[in-house]
Amino acid sequence: MNRDPRYDILFEPVRIGPVTARNRFYQVPHCTGIGWTQPETLARLRGIKAEGGWAVVATEETEIHPTADCEPFHEGRLWDDRDIPAMALMADAVHEHGALAAIEIMHHGASVANWGTRLAPIGPSHRPIIYGYPVQARAVDKQDIRDLRRWHREAALRAKRAGFDIVYVYATHDLSIAQQFLERRKNDRTDEYGGSLENRARLLRELIEDTKDAVGDRCAVAVRFCADELMGDAGLTHDGEARDVVEMLAELPDLWDINISNWPNDSQTSRFAKEGFQEEYTRWVKQVTSKPVVGVGRFTSPDTMVSQIRRGILDFIGAARPSIADPFLPKKIEEGRIDEIRECIGCNMCVSSDYTQTNLRCTQNPTMGEEWRRGWHPEIIAPKKSDGSVLVVGAGPAGLEAALSAARRGFEVHLAEAGNELGGRVIRESRLPGLAEWVRVRDWRVTQLERMANVSVYRDSKLEAEHVLEFGARHVAVATGSTWRKDGVGRDSGFPVPGFDADNIYTPDDVMSGRDPDAGPVIIWDDDHYYMGGVLAELCRHAGHEVTIVTPAAMVSAWTVNTLESLPIAKRIARMGITVLPYTSVRSFGGGKALLANGLTGAETEVAAGALVTVTARLPSDGLYLDLQQVQNRWGDAGIATVTRIGDCWAPSTIQQAVYTGHKWARELDEAPEELLPRELPMIESGRVKVPS
Ligand code: ADP
Ligand code: SF4
């Protein structure tokens, strides 16, 4: 297919100082949870982005010195020359596919505890470090600043030797010492690095000049900068000091990579921000510099991208999450395959990998993070190695992904769904407040399935064991999902909670199927701690009910700290007038009341409750699977070789995990299943990275 000429502008080459990007698609630096621990894994992941058509592929934040130690987070590392080979692996992998390799070297200043190296963190002034540790950064003196500049310069030289084409100076997300010097609230120095904005910007200016001087002959120097901190006058603002800094340094770097600070502001989920949400803060940058500007905004629509370029907002379409959900996004636009773009849903499961220090994962792209370890490629899947058809029962995220991936391997695929709509839980959940974009998990898969000649879809087809035997497919995947428990059993209580058999106890399934808990004040019993309790509270509040969230956790939707949403959720819940009772459990329900127990004091109180929505745990809907096990002696005659549970039917989990297990099943259905083998162990030797021979 040919590219739509409307999108030609996206494929114009753009010069960045001494280098030229082949088009306007720019994978900005993003974390992976992998960092320095697995060099081959990282190189393969980034190389595939280059193969997918991105003109620039960047590292994650890369530590330049042991006083910028992100442990326990896994980021890039370029402390000394011994780290060069590992970084060079990535640069080579990116170059192999004709893209430019960028590296975000940085000193983290007062944002890291140096918990691994045990060195005192440094910052402009004496301040506690930003995140989570009872540690303070000490104010740097003049010698420290000279050292810091030297470390940054040496790291830039090492980056050049590793083969990188673009070297960053980083001043955003509140994570870098250069930004901390700029911030009035963090800088109370009285020397030439404090006071006036010019003084506070001195370090940033020096780092840019040093970097240009060190590597600018061959490498472009990019500045990653925040257009706004979204905290009004307490921080840098797009119509105040942030703009003044860009005006002051406008022509110094070769490129401005602009976003909003901090990370939770920059990577907002679709529950809180839509495509292009940063424009109101970043649209002025191109007016004050002649240098190319890259910006982000969870761009997945080529029309929006073209509009950003044509209206003079950006020169490059920056992307982290859209490049994770679809590493081949540029290629698909280039080749006129727009409807094959696997659009990011804005759920931030990817972010959770960084927060939990595990390999990058993605709800939409099951191959992400598995490119090296399992040899998975997002666009290539091995042809089938055996004959026989495949039957997938259930068309939720697991079943859809299993059917599609098996079909891509060339199997004749039959997909049976009990309901008349495909999508399973994604259909129901995408109708909840703020989760509309999640329906993309279904839409992308259904669109691809519909055009495959080797797939038959049967709606309104609730299968039982006899049907499956009659069908006689060689491989059967049971993807029948799960249901929410009503009895209250979960983390907090291992036993059914008294009174939870009443009619006015509702499960999330009840509420999602349209039953409105309208019998008086509603209690949401959230013992799940991810999004469900919070969104159901919003739904009930929108319906006009008085709502109280009761949770044994310290805050509502506690796990969403890993998706950068915990604070926005807490704020929204509070502003909607929903009461939250943390450290509290439900002991019983009945007679228009709930008996609550405070987890700290043990005190019990009764509160009025006309209805209670219980969000505790799910049970696999595995009846069909168990029935098939009962008749295993008849499989041979029916032509069945394997019957496998996948997705929530196997073990209720996230949508991301359902998609992953569906994909894994299809990849391995005629191979020996690959258990999670540590194909690449962290390459540590005396605390340093060792490149595998
Ligand atoms: P998962 O997250 O594992 O994909 P879901 O709950 O989203 O699970 O989807 C399960 C799907 O399976 C639902 O659409 C449901 O209607 C369907 N289903 C459940 N039991 C059967 C059955 N016996 N036959 C066909 N479809 C079924
Ligand atoms: Fe987008 Fe979610 Fe994938 Fe992250 S995990 S890239 S937010 S779809």
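Counting starts at 1 for both ligands and their atoms, following the listed order. Positions are given from 1 along the sequence.
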key: Counterpart residues, side-chain hydrogen bond (donor to acceptor under 3.5 Å, both in side chains), relative to S653 (two or more places apart)   =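 Expected list: none.
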Can you list every protein residue that has a heavy atom under 4.0 Å from any atom of ligand 1, sorted by chain and residue number?
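Within 4.0 Å of ligand 1, protein side: V393, G394, A395, G396, P397, A398, A416, E417, A418, G424, R425, S461, K462, L463, A479, T480, G481, S482, G647, D648, A658.
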Q: Could you tell me whether R409 and D670 have a side-chain N and a carboxylate O separated by less than 4.0 Å?
A: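 Salt bridge present between R409 and D670.
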Practice prompt. In sequence, state the C-alpha distance, the side-chain angles, and the governing distance for E334 and K331, and then conclude on salt bridge (charged side-chain N to carboxylate O under 4.0 Å, His left out).
Written response: CA-CA 5 Å; E334 187 171 23; K331 268 255 153 73; 5.4 Å; no
* **NZ/NE/NH1/NH2 to OD/OE distance under 4.0 Å, E466 and R634** =>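 Yes, E466 and R634 are salt-bridged.
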Below 4.0 angstrom, N of the basic side chain to O of the carboxylate: do R431 and E421 qualify?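 Judged by the 4.0 Å cut-off on N to carboxylate O distance, R431 and E421 do form a salt bridge.
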Could you pull out every donor-acceptor pair under 3.5 Å between side chains of residues 530-538 and any protein atom, sequence neighbours left out?
unit_1 : atom_1 : unit_2 : atom_2 : d
Y531   : OH     : R425   : NH2    : 3.1
Y531   : OH     : E429   : OE1    : 2.5
E538   : OE2    : R271   : NH2    : 3.1

Salt-bridge present (E668, K664; N to O < 4.0 Å):
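The answer is yes: the pair qualifies as a salt bridge.
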Given V56, I309, L314, the one that forms side chain to side chain contact (heavy atoms under 4.5 Å, CB included) with R24
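That would be I309.
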For the side chain to side chain contact (heavy atoms under 4.5 Å, CB included) test, which of R46, H74, M368 pairs with T32?
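For T32, the side chain to side chain contact (heavy atoms under 4.5 Å, CB included) check succeeds only for R46.
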- Query: Tally of protein N/O/S atoms under 2.8 Å from atom 1 (Fe) of ligand 2?
  - Reply: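 Excluding waters, the total comes to 1.
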